[in-house]
Structure formats: C-alpha cells, structure tokens
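A, B, ... follow the sequence lines: proteins, then strands. Residue 1 opens every chain. Keep in mind that the numbers below use all heavy atoms, side chains included, and drop hydrogens, waters and symmetry copies.
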Amino acid sequence: MANNSFVKTGYLTRFILRLDRFRISLWLVGLTFFTLIVPVAYTGLYENQQERDAMAVTMENPAMIAMVGPGNIENYTTGVMTAHQMLLITAVVVGIMSILLLTRHTRADEEDGLIEMIRSLPTGRLSYLNASLLVISGVSVALALITGFGLYALGIESMDLEGSLLYGAALGGTGLLFAGVTAVFAQLAETSRGTIGWSIAILLFTYLFRAITDVSDEALSWISPLGWVTKTEAYDANHWGPIFILIGVSVLLFILANYLHAIRDLERSFLPSKPGRRTATRFLQSPIGLAIRLQRTGMIAWAVGIFLIGISYGSVLGDMETFFEGNEMMEQMFQLTEGGSITEQFIPMLLIVMAIMSTIPPIMAMNKLRGEEKKDRLEHLLGRAVSRTRLMGGYVVLSVVNGFVMVSLSAIGLWSAGTAVMEEGLEFSMIYGASMSYFPAVLVMIGLAVFLMGYFPKYTTLVWLELFYSFIVLYLGGLMQFPEWVGKLSPFDYIPQVPSEDVSVMTLVMLTVIAIVLMVIGFIGFNKRDID
Amino acid sequence: MSLLKVTNLTKKFGTFTALDKVNLEVNKGEIYGFIGPNGAGKSTTIRVLLGILKATDGDVKLFDKDAWSDAVEIHRRVAYVPGDVNLWPNLTGGEVIDLFVKLRGSNNKSRREELIKKFDLDPTKKCRTYSKGNRQKVALIAAFSSDADLYILDEPTSGLDPLMEQIFQECVFDLKRQGKSVLLSSHILSEVEKLCDKVAIIREGTIIETGTLNELRHLTRTQILVDTKQPIEKLAELKGMHEIEETEQGLSFQVDTDQMDQVMRHISQFGIVKIESAPPTLEDLFMRHYEGTEKVDVSGAGGAQ
Ligand SMILES: Nc1ncnc2c1ncn2[C@@H]1O[C@H](COP(=O)(O)OP(=O)(O)O)[C@@H](O)[C@H]1O
Ligand SMILES: [Mg+2]
C-alpha cells in the first residue's frame with residue numbers, strides 16, 4: 001500500500017524537469033549571475049580595506065541592519081561585505097523562485113485538472129507531489145553547488161572554499177525551506193493564487209520579523225528562517241549549524257505536506273476560500289470605482305515599496321561623506337564641485353532616481369486601460385451608459401493622483417530617514433518641494449501614455465522605453481558625458497537640479513502644459529477609434 | 001416603429017471587408033434572429049451597433065439616434081450580452097452583476113435575485129472560478145434584470161447546458177410578452193426557430209436572406225416518405241423534386257415547399273398507404289448556404305436546379 005503511493009515518481013520527476021527546463025535554467029543562470037557579479041563589482045569599487053571600512057560605517061545604522069541584516073563591521077573583507085549586503089536579499093529571491101516553481105506543479109496543476117489526469121494513469125497518489133519536491137530539491141542543490149563553487153572560482157582573496165560553499169548552501173537551504181512551506185500551503189489553500197499568496201506572506205513575515213529582531217534583540221532572530229541565513233556568517237565565522245536547521249525543517253515540512261496530501265480528497269483543501277461578496281458596494285458601482293478596485297492591491301504594494309525606497313535612501317545620507325571619500329567613479333558620476341556639500345550634490349541624484357521610480361506605478365495605472373481593452377472587458381462598460389471620455393478620464397485621474405501620492409511618499413520617506421540620521425537634520429519643505437518639482441515630468445509621462453492609448457494603442461509599451469531611456473540618460477549621463485540633446489529627449493532632464501539649483505517656475509508650467517496637451521490629444525484619439 | 005435601422009453598413013479592418021452593405025431593421029416588439037456561421041460578421045455588426053467599432057460607411061440608427069455619436073444616450077435603453085464574456089477574475093459574480101446593472105442606470109433587485117436562482121449561479125464565487133457558461137450567466141442575469149427597450153444578445157447560449165438554454169428561452173419569451181425587442185445572434189437554428197419572428201442570415205459579411213420565418217420556410221424543402229399501392233410514375237418530371245430515393249419503407253424525396261400542392265395531387269392518384277413528412281427547418285436553408293453553391297433570394301421563385 002505505502003509503496004504504491006510512490007509508483008512512477010521517477011518518471012514524473014523527469015517529466016516535470018522536461019516541462020520546466022527553460023524556466024529552471026533561467027532562474028539558475030539569473031541567480032548565479034546576480035550572485036557572482038556583485039563581489040566582482042565590489043573588488044572594483046573598493047580597492048583597499050580603508051575604503052571597505054568606510055563603506056562598513058554607512059551600513060551601521062538600524063535602517064540598513066533592518067534591510068540586509070547584521071554584519072561583522074570589524075572584519076569587513078570583500079567576502080563579508082558580499083555576504084552581509086547580498087546573501088539575505090538573494091535568499092528572498094530564491095524563496096520566491098521556490099514558491100513559484102513549486103506552485104506550478106502542485107496546486108496550479110491540480111486546479112487545471114492535470115493531476116486528475118495523471119492520477120487516472122497508473123501512478124501513485126503521492127507520486128506527483130514528490131516528483132515536484134524532488135525537482136525543486138534538485139534545483140536547490142544545484143543552486144547551492146553552482147553558486148558555491150562559482151564564488152570560490154572568482155579567486156577573491158577573502159572568499160575561501162568553505163565560506164563560498166556555505167554561502168551557496170544558505171541559498172539552497174532557503175530554496176528547500178520555502179519549497180516546504182509552499183508544499184504545505186498547496187494542501188491548505190484552495191487555489192494556486194492562494195498558495196502563492198500565503199507562501200509569499202510567510203516569506204515577507206519571516207523577513208520583517210528578522211528585521212525587527214535584528215535591530216532590537218538579535219537572539220530572537222533565531223525564530224525566523226531568514227534569520228538562520230544571516231546567522232551562517234559566511235566568510236567570517238562560517239557556522240554550518242543553521243544549514244542543518246534549514247534542511248531539517250524542510251524535511252519536516254515535506255513530510256507534513258505528504259501527510260496532508262494523503263488525507264485529503266483531490267481538489268479539496270483545508271482552508272476553503274471564503275465566499276466573496278454577494279453584492280457590490282456602492283463604491284464599486286462606477287467606472288473609476290472599478291478601476292480603483294482592480295488596482296488597489298498593486299497600488300498599495302507600490303506605495304509601501306516607494307516609501308521604503310525613500311527611507312533606505314534617506315538612511316544613508318548621514319554617512320554620505322565617508323562613502324564618497326576616495327571613490328573616484330562616484331565622484332565623477334556626481335561631478336563633485338569644489339566646496340559643495342556632498343549631501344547636497346547627492347540629493348538631486350536620489351530625487352531623480354526616486355522620481356523615475358515613482359513614475360512606474362502611475363504609468364501602470366494608465367496602461368491598465370489598454371490591458372482591459374485587450375482582455376475585451378471595456379465592452380462591458382462602453383456597451384452600457386459610460387462614455388469613452390468618462391472611462392478614460394477615470395483612469396487619468398487615478399493615474400495622476402497615484403503619481404502625486406508616489407512622489408510625495410518618496411519625499412516623505414527620504415526626509416524622515418534623512419533627518420533622523422543627519423546631524424543638522426533636513427528641512428522638510430526643501431525635500432518635498434524639490435521632489436514635487438519632478439511631478440510635471442511625471443505628468444508628461446502620463447500624458448504620453450494617454451496619447452499612445454488614444455492614437456497608437458498597439459504601442460502603449462513605448463512609454464516604458466521612454467522611462468527607461470530617461471533613467472539611463474540621467475543616471476549615467478554624468479559618467480558617459482552624453483551630448484546635450486540626448487538628455488533633452490527626456491522630460492526629467494528639464495527639471496533643474498533642485499535643491500542645489502533654483503526651480504524655474506516657467507519650465508514646470510511648460511511641462512505641465514505639454515502634459516495637458518498630450519492628454520487632450522489622447523482623449524480625442526480614444527473617442528475616434530475602434531475598441532479592439 | 002423601427003427601433004434599430006442599419007442601412008448599407010460597411011466595415012473594413014484595414015483592407016479586409018468584414019461587413020459589406022449590411023441592412024437590418026428591428027421593430028418594436030420583435031424578436032429578431034441574426035444567424036450565420038462563425039466569422040460571418042455577426043459580432044462585428046453588433047459592435048458597430050453599440051458604438052464600440054466605428055462604421056466605415058453606412059448609416060446605423062438606434063431609437064433614431066446615431067450609434068456612434070449618441071452611444072451613451074442609446075445605451076441607457078439597451079442591454080447587451082457580448083459573445084465572449086470576459087470578466088474580472090478577482091470580482092465575484094454578484095459584484096459584476098451589480099456593477100453592470102448600475103452602469104446602465106436602472107436597478108431591479110428582486111428581479112436580480114430571482115434570476116440568480118433561476119440560472120442557478122453562485123454569486124459569491126470569484127469570476128476566476130467560473131466556466132464559460134457561468135460567465136455567460138452573469139452577463140445574461142445583468143441584461144435580463146435591466147429594464148431596457150432593446151436587448152442585443154450575441155450568441156448568448158453557446159456555453160449553456162440544455163436546461164439553462166430552456167430558462168434562457170423563457171426569459172426571452174417574457175421580454176416578448178412585455179413588448180420588448182430583441183436582436184439575437186446565434187448559430188443554433190432550433191433556438192432561432194423557436195424564439196424569433198424574423199431572421200436575417202449573414203455570410204462572409206453580406207446579408208443573404210431576411211424575412212419572417214414563414215417567408216423563409218417558403219424557400220425550404222420538406223422531406224417526404226411515402227408508400228403507395230401502385231408505383232408512382234413520372235415523379236422525377238415534376239417541378240421542385242429533389243433527392244428521390246427508393247428505401248425499404250417506401251419512396252423518400254424532398255420537395256420545394258411551394259411545389260407541395262401539385263406534388264401531393266400527383267401522388268394521391270397512386271393510392272397512399274402511408275405518408276410521413278418532416279417540417280422544413282432553417283437548418284436546411286442554412287445548409288444550402290453553407291454549401292455555398294446556391295444563391296436564394298426572397299423575391300425569386302426559389303428552389304435550386
Ligand atoms: N478587430 C479586427 N481586426 C481585423 N479583423 C477582424 C476584427 N474583428 C473581426 N475581424 C474579422 O471579421 C470577421 C467577422 O468576425 P465576427 O464578426 O467576429 O464573426 P461572427 O461573430 O459572426 O463569428 C472575421 O473574419 C474576423 O476575423
Ligand atoms: Mg461572434
């Protein structure tokens with residue numbers, strides 16, 4: 001009986017491997033590249049121990065510890081630096097990989113009725129689950145070995161074989177652990193979205209829990225699996241204990257998932273999704289209400305993300321001077337002038353990057369209209385008493401408000417962290433005003449999206465190209481010394497380098513006018529064209 | 001009074017002509033069938049009627065207003081069920097029904113509940129979990145619980161099971177009793193025959209037939225199976241005879257409906273023992289157009305040679 005439950009597991013393992021070979025390869029290549037490129041870049045950026053120590057100082061504040069975990073500042077070699085700044089964040093990405101890969105062949109396949117088909121063949125009841133677990137275990141082991149030996153092969157002095165293998169093992173162990181978590185939630189949740197949602201929630205929870213305990217009481221971080229990852233102290237103390245805990249807990253989770261799978265009926269679950277609303281709220285019953293409802297979760301996530309980016313940029317402001325000292329590349333990038341405070345030089349750069357990031361969610365909000373069109377769902381609205389102007393107007397309003405909120409949040413985040421870590425503090429109106437001066441450029445980008453939606457709906461993605469272009473030109477502009485006209489193709493380039501330069505009201509008004517003109521043209525086009 | 005009048009409607013997608021001089025007219029209180037094979041242009045016509053696509057040429061009027069420029073005004077009096085009902089995966093069926101009814105203007109709560117029960121839909125489930133049939137139910141419930149003057153339904157039953165189709169038909173009959181008008185596009189002929197007063201048949205973007213069901217039946221053939229005491233002579237020489245075949249049960253043939261009288265007279269001379277006839281169906285008419293070789297027009301004498 002027990003033996004029958006696993007019939008053809010090997011065959012199914014190969015089957016899943018074949019189905020996912022590209023997907024798995026992409027994850028492995030991507031993660032390995034990401035892992036190996038950073039220490040190489042560090043050796044280029046920080047040539048000696050002094051420079052690394054300077055960097056280490058900037059990492060010694062609660063905001064950074066909450067983000068990347070604790071690190072041994074006393075022994076800040078390239079290896080320790082890599083493990084400190086990269087291991088945790090890479091482990092989170094590995095966790096996401098595990099969650100996505102495993103959900104595909106557990107709850108998602110079950111939802112699609114594929115497992116029913118496979119069960120009807122002479123295979124065991126637990127075979128498919130264990131085949132998926134075998135595949136993900138193989139991926140984790142491969143990841144551990146490839147990154148482990150890969151790091152060692154870089155031949156960086158402070159990155160010895162043991163530390164490198166430990167680094168890889170921490171990544172692989174995280175992969176295993178979140179495969180276990182996902183396997184359990186695939187039994188508990190009723191849908192694949194539910195499985196992914198619950199597992200990612202656990203991932204975030206363990207990350208945040210560790211952030212809080214790392215700052216307050218490091219010993220408590222032993223409760224969080226992501227705490228175990230940083231407790232390995234790769235390249236420094238090299239503790240293997242956490243790896244065994246990771247593997248042990250994973251095995252327990254695998255067994256639990258098998259048990260839950262064995263005692264439940266196919267396509268049933270232990271957490272039945274609760275029934276949704278029977279009727280619509282008043283709020284939902286308008287085109288703009290619907291648009292908000294559809295994007296609510298995403299917008300909140302972006303708002304939190306943008307705010308956190310603001311905070312993390314702000315948190316490094318206090319130590320900027322030490323960071324720049326002797327770093328020629330950075331100095332060139334920011335074109336440091338004699339006398340100007342380095343922070344003042346640096347803030348405009350941060351503001352540009354944050355403004356460009358804050359442009360992403362409003363453009364997503366605007367382009368959602370095209371997404372709805374492609375899915376044939378605009379018909380439901382336009383076939384009823386909703387005019388095209390009202391429909392698009394709702395999206396434009398939503399997008400503009402979204403952009404305003406995002407720019408504001410980035411400024412508030414930057415200011416609140418910055419003022420906390422800087423000796424003299426930061427003036428709120430200066431930071432907020434400087435951030436807001438980018439808002440007209442955000443409006444132009446929204447206007448471009450509206451224009452494309454009206455006249456060239458097939459090419460609405462071009463606005464992303466323009467945004468990416470702006471990023472490249474402005475971020476690398478100083479370094480690459482592009483000719484002037486290259487910058488002029490981006491609306492962000494016209495904004496004066498506030499707060500070090502003065503705001504020119506005329507420029508901002510002109511940009512706003514251009515944005516409005518683009519929008520009006522977009523509305524005219526949208527009112528004249530066929531809906532796909 | 002005509003609620004909907006389409007004159008010489010042409011629609012091009014680039015160089016491809018999807019509709020070529022289409023004419024349609026739906027009057028108050030009529031249930032109008034709009035039939036044609038897949039890709040014939042039914043959905044395209046309907047989407048022009050709703051101002052979702054812009055006519056390349058021709059005149060499209062609903063309630064004497066222009067389908068494109070007065071779309072919003074018109075839509076307050078129209079209920080529409082699209083051919084492919086795509087819904088928002090993370091809203092529930094109940095939420096979508098309310099949204100749809102509200103966006104039209106009017107609201108009829110008790111009707112909504114009654115229809116949800118009738119169509120056996122669970123409105124608390126997310127649309128993501130709905131099958132095609134269930135999504136269609138959502139759109140149908142939203143349409144039938146709105147108080148419109150004209151109902152435009154694009155292949156509304158293609159995902160429904162026979163039981164639900166029955167309920168759908170009851171709902172359409174209800175509308176008819178209330179004197180509402182319906183434009184029903186379909187490729188299910190039995191449904192159109194049961195429900196519709198008039199039909200238009202479209203093929204490759206052109207209307208090839210319009211008329212009342214009776215007018216169109218005129219053009220179709222009746223299947224006859226007859227056994228006589230003496231063998232029938234000279235049958236093949238009669239007008240309007242097709243596919244004559246000897247079978248064990250007797251002689252089987254098709255006869256053009258408008259030649260029925262003279263054929264019957266002829267046969268009765270030979271002493272009828274048994275006669276069976278199958279009524280003409282739209283199916284026959286439709287199949288003849290599908291085959292594509294014979295062109296029938298309403299005014300002509302009908303029948304193919
Ligand atoms: N947006 C479009 N662009 C190009 N061709 C289209 C478009 N929409 C429909 N067509 C074409 O028009 C013809 C009629 O389609 P449709 O009205 O959907 O047919 P039906 O509803 O009768 O099945 C088909 O050949 C289809 O491929
Ligand atoms: Mg169609």
Side-chain angles (χ1 to χ4, degrees), chain A residues 108 111-113 190-194 197 267 272-298 368 371-391 394 458 525-532, chain B residues 11 13 46-54 56 68-69 71-107 109 112-113 116 122-129 138-139 142-143 146 152 154:
Chain A
E111 231 178 353
D112 296 345
E190 195 174 30
T191 59
S192 56
R193 276 174 62 100
E267 279 159 38
S273 60
K274 61 177 194 311
R277 288 183 168 277
R278 217 189 147 76
T279 54
T281 55
R282 287 274 299 284
F283 176 74
L284 177 59
Q285 302 182 12
S286 66
I288 191 166
L290 173 68
I292 293 175
R293 170 66 190 274
L294 295 176
Q295 306 185 50
R296 191 177 52 191
T297 321
K368 174 82 176 162
E372 289 288 296
E373 178 178 7
K374 278 202 274 197
K375 294 202 172 104
D376 287 334
R377 295 197 290 237
L378 291 190
E379 246 180 298
H380 296 306
L381 308 184
L382 296 177
R384 295 186 167 80
V386 175
S387 70
R388 294 178 179 214
T389 305
R390 182 169 164 217
L391 176 65
K458 290 203 169 69
F526 190 60
N527 268 296
K528 283 209 289 214
R529 72 173 174 86
D530 283 351
I531 299 296
D532 279 355
Chain B
K11 175 69 193 172
F13 294 112
I46 287 176
R47 299 174 97 216
V48 173
L49 292 178
L50 285 157
I52 290 167
L53 299 179
K54 190 169 189 171
T56 311
W68 178 261
S69 50
V72 175
E73 276 307 299
I74 291 171
H75 295 172
R76 288 189 213 283
R77 302 175 62 186
V78 172
Y80 166 53
V81 174
D84 263 328
V85 184
N86 291 305
L87 301 175
W88 299 274
N90 42 358
L91 300 190
T92 64
E95 286 178 313
V96 171
I97 293 171
D98 283 353
L99 173 72
F100 284 0
V101 172
K102 179 75 190 191
L103 290 180
R104 259 204 73 256
S106 62
N107 201 351
K109 267 263 151 38
R112 170 193 189 269
E113 291 305 315
I116 286 178
D122 182 350
T124 64
K125 284 232 166 85
K126 300 270 178 182
C127 294
R128 176 184 312 112
T129 66
V138 169
S146 340
I152 298 181
D154 192 358

At a heavy-atom separation under 4.5 Å, does A:Arg193 approach chain B through its side chain, its backbone, both, or neither? side chain
Between the side chains of B:Glu113 and A:Arg278, is the shortest nitrogen-to-carboxylate-oxygen separation below 4.0 Å, so that they form an ion pair? yes
Output the option from A:Arg529, A:Lys528, A:Arg388, A:Arg377 having the highest count of non-hydrogen pairs under 4.5 Å with chain B. A:Arg377
Chain A contact via B:Arg47 - side chain, backbone, both or neither, heavy atoms under 4.5 Å: side chain
What residue, out of B:Leu50, B:Val72, B:Ile52, B:Leu49, has the most heavy-atom pairs lying under 4.5 Å from chain A? B:Ile52
Side chain from CB out, backbone as N, CA, C, O: work out which of these in A:Leu290 comes under 4.5 Å of a heavy atom of chain B, or both, or neither. side chain
What part of B:Leu87 gets closer than 4.5 Å to chain A, counting heavy atoms only: side chain, backbone, both or neither? both
Could you tell me which non-hydrogen atom of A:Arg390 sits nearest to which non-hydrogen atom of A:Ser286, and how far apart they are? NH2-CB, 4.3 Å
Over all atoms of both residues, closest heavy-atom pair of A:Ile292 and A:Phe283: CG2-CZ, 3.8 Å
Is it the case that the side chain of B:Asn86 and the backbone of A:Lys375 share a donor-acceptor pair, with hydrogens and angles ignored and the cut-off at 3.5 Å? yes
Could you pull out the closest heavy-atom pair between B:Gly94 and B:Arg112, with the gap in Å? O-NH2, 3.3 Å
Okay, A:Glu372 and chain B: the region with an atom under 4.5 Å from a heavy atom over there is side chain
